[in-house]
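As structure tokens, the structure follows; a few thoughts come after it.
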Amino acid sequence: MTVSMTEERFEELVADALDEIPPEFAAAMDNVVVLVEPHNEEEPDILGLYHGVALTERTHDYSGQLPDRISIYRDPILAMCESEQQVIDEVAITVVHEIAHHFGIDDERLHELGWA
């Protein structure tokens, strides 16, 4: 059963999840923007995607680049959840997961930490 939710409410949940990022991590995020999108055209079932160069991969010549993007995909998250609370939880997990990629943490390590 798909949860029905306005775009505005979903965006609020993403903003709330970002507000929960510890200040030291939020301060360390560099040249990245978080966007809410309906779904990924190439992989419509994924919940989020990090597009960019992780902080651990950036070298001295990384400058003048467009911001990295973290996409949070509304439709697949709503489709997999049965309640607003599940949406809240899944948005938080997805936001943390994609931010972790920005910091260079791969999927294997995220699975070990319980954030996959």
Side-chain angles (χ1 to χ4, degrees):
M1 172 184 270
T2 300
V3 173
S4 179
M5 182 178 289
T6 66
E7 290 179 23
E8 292 80 15
R9 175 65 178 139
F10 191 89
E11 289 174 2
E12 285 175 16
L13 297 179
V14 172
D16 291 347
L18 289 167
D19 287 344
E20 293 300 315
I21 301 298
E24 60 273 16
F25 288 105
M29 292 175 62
D30 181 48
N31 201 32
V32 62
V33 63
V34 178
L35 306 169
V36 173
E37 300 179 56
H39 62 273
N40 182 289
E41 293 290 330
E42 296 169 7
E43 296 180 71
D45 294 330
I46 64 172
L47 307 181
L49 187 63
Y50 172 69
H51 318 262
V53 179
L55 294 176
T56 56
E57 303 292 323
R58 294 180 184 178
T59 62
H60 68 283
D61 62 347
Y62 181 88
S63 64
Q65 302 294 318
L66 290 174
D68 293 358
R69 293 184 336 268
I70 293 174
S71 297
I72 307 298
Y73 299 117
R74 183 181 61 252
D75 294 347
I77 291 175
L78 294 177
M80 71 179 287
C81 295
E82 296 180 7
S83 69
E84 182 165 323
Q85 186 58 53
Q86 284 183 338
V87 175
I88 292 167
D89 295 342
E90 195 56 54
V91 165
I93 290 167
T94 303
V95 167
V96 168
H97 182 103
E98 300 310 329
I99 287 173
H101 287 316
H102 176 65
F103 285 101
I105 301 171
D106 65 17
D107 282 333
E108 183 178 333
R109 182 67 179 135
L110 284 168
H111 278 282
E112 292 170 5
L113 296 170
W115 291 100

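None of the values given here were measured: they were computed from a predicted structure.
Side-chain atoms of L47 and E90, non-hydrogen and from C-beta on, do get closer than 4.5 Å to each other. A heavy-atom distance below 4.5 Å is found between the side chains of V96 and I21. Inter-residue side-chain proximity for I72 and I77 is flagged as met; some heavy-atom pair is nearer than 4.5 Å. Between V32 and P67, the closest side-chain pair of non-hydrogen atoms is not below 4.5 Å. Using a 4.5 Å heavy-atom threshold, the side chains of I99 and L18 count as touching.
Here the closest heavy-atom approach between residue P44 and residue H39 is recorded as O-CB, 4.1 Å. Looking at every heavy atom in both residues, D106 comes nearest to R109 through OD1-N, 2.9 Å. The minimum heavy-atom distance linking T56 with G104 is given by the pair OG1-CA, 3.4 Å. For the pair E37 and S71, the tightest heavy-atom approach, listed with the atom from each and the gap, is OE2-OG, 2.5 Å. Of all the heavy atoms in P76 and P38, the pair that sits closest is CD-O, 3.5 Å.
Counting heavy atoms of neighbouring residues, nucleotides and ligands inside a 6.0 Å radius, atom CD of E24 exceeds 12 of them. More than 12 heavy-atom neighbours from other residues, nucleotides or ligands sit within 6.0 angstrom of CD on Q85. Atom CZ of F25 sits in a sparse spot, with 12 or fewer heavy atoms from other residues, nucleotides or ligands closer than 6.0 Å.
E12 contributes atom CD, which lies 7.0 Å from atom OG1 of T6 (distance to the nearest 0.5 angstrom). Put simply, CG on L55 and CZ on R58 are 4.5 Å apart, with the number rounded to the nearest 0.5 Å. Between the CD atom in E11 and the CE atom in M5 there is a gap of 12.0 Å [rounded to 0.5 Å]. Distance CD1/I88 to OG/S83: 8.0 Å, rounded to 0.5 Å. Taken to the nearest 0.5 Å, the OG1 atom of T2 stands 9.5 Å off from the CD atom of E82. Distance check, rounded to the nearest 0.5 Å: CG of L49 to CG of L35 gives 11.0 Å.
In the hydrophobic clustering of ILVMFWY residues, with side-chain heavy atoms under 4.5 Å counting as a link, V33 and M29 come out apart. Cluster membership check: Y73 does not share its hydrophobic cluster with V14, using side-chain heavy-atom separations under 4.5 Å among Ile, Leu, Val, Met, Phe, Trp and Tyr. Follow the hydrophobic side-chain contacts under 4.5 Å out from V91 and you reach V34 in the same cluster.
When each of V3, L78, D75 is tested with F10 by the rule side chain to side chain contact (heavy atoms under 4.5 Å, CB included), just one qualifies, namely L78.
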V53/Q65 under side-chain contact (heavy atoms from CB on, under 4.5 Å): CA gap, chis, key distance, verdict: CA-CA 10 Å; V53 179; Q65 302 294 318; over 6 Å; no
Should D30 and H102 be marked as a side chain to side chain donor-acceptor pair (under 3.5 Å) after you check the CA-CA gap, both sets of side-chain angles, and the distance that decides it? CA-CA 9 Å; D30 181 48; H102 176 65; over 6 Å; no
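A donor-acceptor contact closer than 3.5 angstrom links the side chains of H101 and D107.
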